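Every value quoted in this text rests on a predicted model; they were computed, and no experiment measured them. Start at 1 and go down the list; that is how both ligands and their atoms are numbered.
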Amino acid sequence: MPRDRSAWLQGAKAFCLQPPPVVRRTWRLVLLGPPGVGKGTQAQLLSNALGACPLSTGDIFRAARSYQSAPGSAMAVAQERMDHGELVPDDLVLGLVVERQPCLRCRGGFTLDGFPRTLRQAVSLDGMLETHRLRLDAVISYELSEEELTERLSGRRMCRRCHAVFHVVKRPPARAGVCDHCGDVLERQRDDEPRAVKARLDAYMEATLEVEEHYAKQNLVVSIAATGEPMVIIAHTLDALAARTLPSEENHSPAPRGLAPSNAG
Ligand code: AMP
């Protein structure tokens, strides 16, 4: 069951309807990897396994489509950039994340998906975490060939209400075009149209590799091959996180697989 993320999707004035899950260890993770690699699916599976709330900056922009942004407003500019597969300007993205800092402090933990995407965003996130005396546990970098990424993106369909993600071939819904979770309509996002896909992959290569280097210097990066079924990839991810758990931390917090609270997610 996807988590309610009202505070993240709508910003400072909104509250999540569910309290954070009770977790024995609070995980704070960043997911890196090109568009189409399956970060959103893995973020949801990590939420089920560890309780960490999936926080995607792309979802903030998609959620904002449900209301009409004033022409020329920051959100309208962001959505236009997004439709062309281009990155949204740092100032705008950072403004949205700064406003949502309470989500970083959530005691259920978080998995950031799609943020940070530039070195400036990564440095700003370091500053925000430092202010709250928090630190990241790991930065998971998912890897996949460009050919497979293009195929995955063009077949992707998303629920216009709950943002659950399907694939016409690899993860079809029970009824074509209808969300399994809430019954609303599945749509292809404008930025998954073929013309936007290449631009997105190029934008990723240009900006995000620097982000990975930034985190590699902090010894936070865990690389995972994103081939195969989502359940196989999440198993590798949880194993890799368990392997990173320091012996001194094990006394207080068991390895990830032992952490899954039955009501998490
Ligand atoms: P995603 O769902 O993460 O692939 O994001 C969809 C689109 O939203 C991207 O192609 C960008 O246009 C925009 N976007 C999301 N997150 C960011 C970010 N951190 N920085 C810049 N643009 C972003």
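For the side chain to side chain contact (heavy atoms under 4.5 Å, CB included) test with T57, the passing option among V88, L96, V97 is V97; the others fail. Under the side chain to side chain contact (heavy atoms under 4.5 Å, CB included) rule, H236 has a single partner from I234, V232, I233, which is V232. A side chain to side chain contact (heavy atoms under 4.5 Å, CB included) with V139 holds for exactly one of N219, L29, L112, L32; it is L32.
Any N or O atom pair closer than 3.5 Å counts here, and Q121 shares at least one such pair with ligand 1. Not a single N or O atom of L87, backbone or side chain, sits closer than 3.5 Å to an N or O atom of ligand 1. At a 3.5 angstrom cut-off on N or O pairs, T57 counts as close to ligand 1.
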- [ ] Given side chain to side chain contact (heavy atoms under 4.5 Å, CB included), test C106 with C53 step by step and report yes or no.
- [x] CA-CA 9 Å; C106 179; C53 189; 5.6 Å; no

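Closest to atom 6 (C) of ligand 1 by heavy atom, among D59, T208, D191, is D191. The closest non-hydrogen atom to atom 12 (O) of ligand 1, taken over H163, R120, E86, R81, comes from E86. Residue nearest to atom 1 (P) of ligand 1, selected from M158, Q189, R190, R117: R117 (by heavy-atom distance).
Counting only N and O atoms by type, the side chains of H214 and E210 include no donor and acceptor under 3.5 Å apart.
For atom 7 (C) of ligand 1, the closest non-hydrogen atom of the protein is M82 CG, 3.5 Å. Nearest protein heavy-atom contact of atom 2 (O) of ligand 1 is R62 NH2, 2.7 Å. When hydrogens are left out, the protein atom nearest atom 14 (N) of ligand 1 is F61 CE1, 3.8 Å; that is the closest non-hydrogen contact.
Short contacts between ligand 1 and V93, defined as distances under 4.0 Å to a heavy atom of the residue, involve ligand atoms 18 (C), 19 (N), 20 (N), 21 (C). Near G58, meaning under 4.0 Å from one of its heavy atoms, ligand 1 places the atoms 2 (O), 5 (O), 15 (C), 16 (N).
With respect to the salt-bridge test (charged N to carboxylate O, under 4.0 angstrom), the residues D192 and R200 qualify. The pair R120-D91 meets the salt-bridge criterion, since a charged nitrogen lies less than 4.0 angstrom from a carboxylate oxygen.
At most 12 heavy atoms of other shown residues, nucleotides or ligands fall within 6.0 angstrom of atom CZ in R107.
We find the CG-CZ distance between D83 and F61 to be 11.5 Å, quoted to the nearest 0.5 Å.
When non-hydrogen atoms are compared, ligand 1 lies under 4.0 Å from the backbone of V88 as well as from its side chain. With a 4.0 Å heavy-atom cut-off, ligand 1 is reached by the side chain of R200 but not by its N, CA, C or O.
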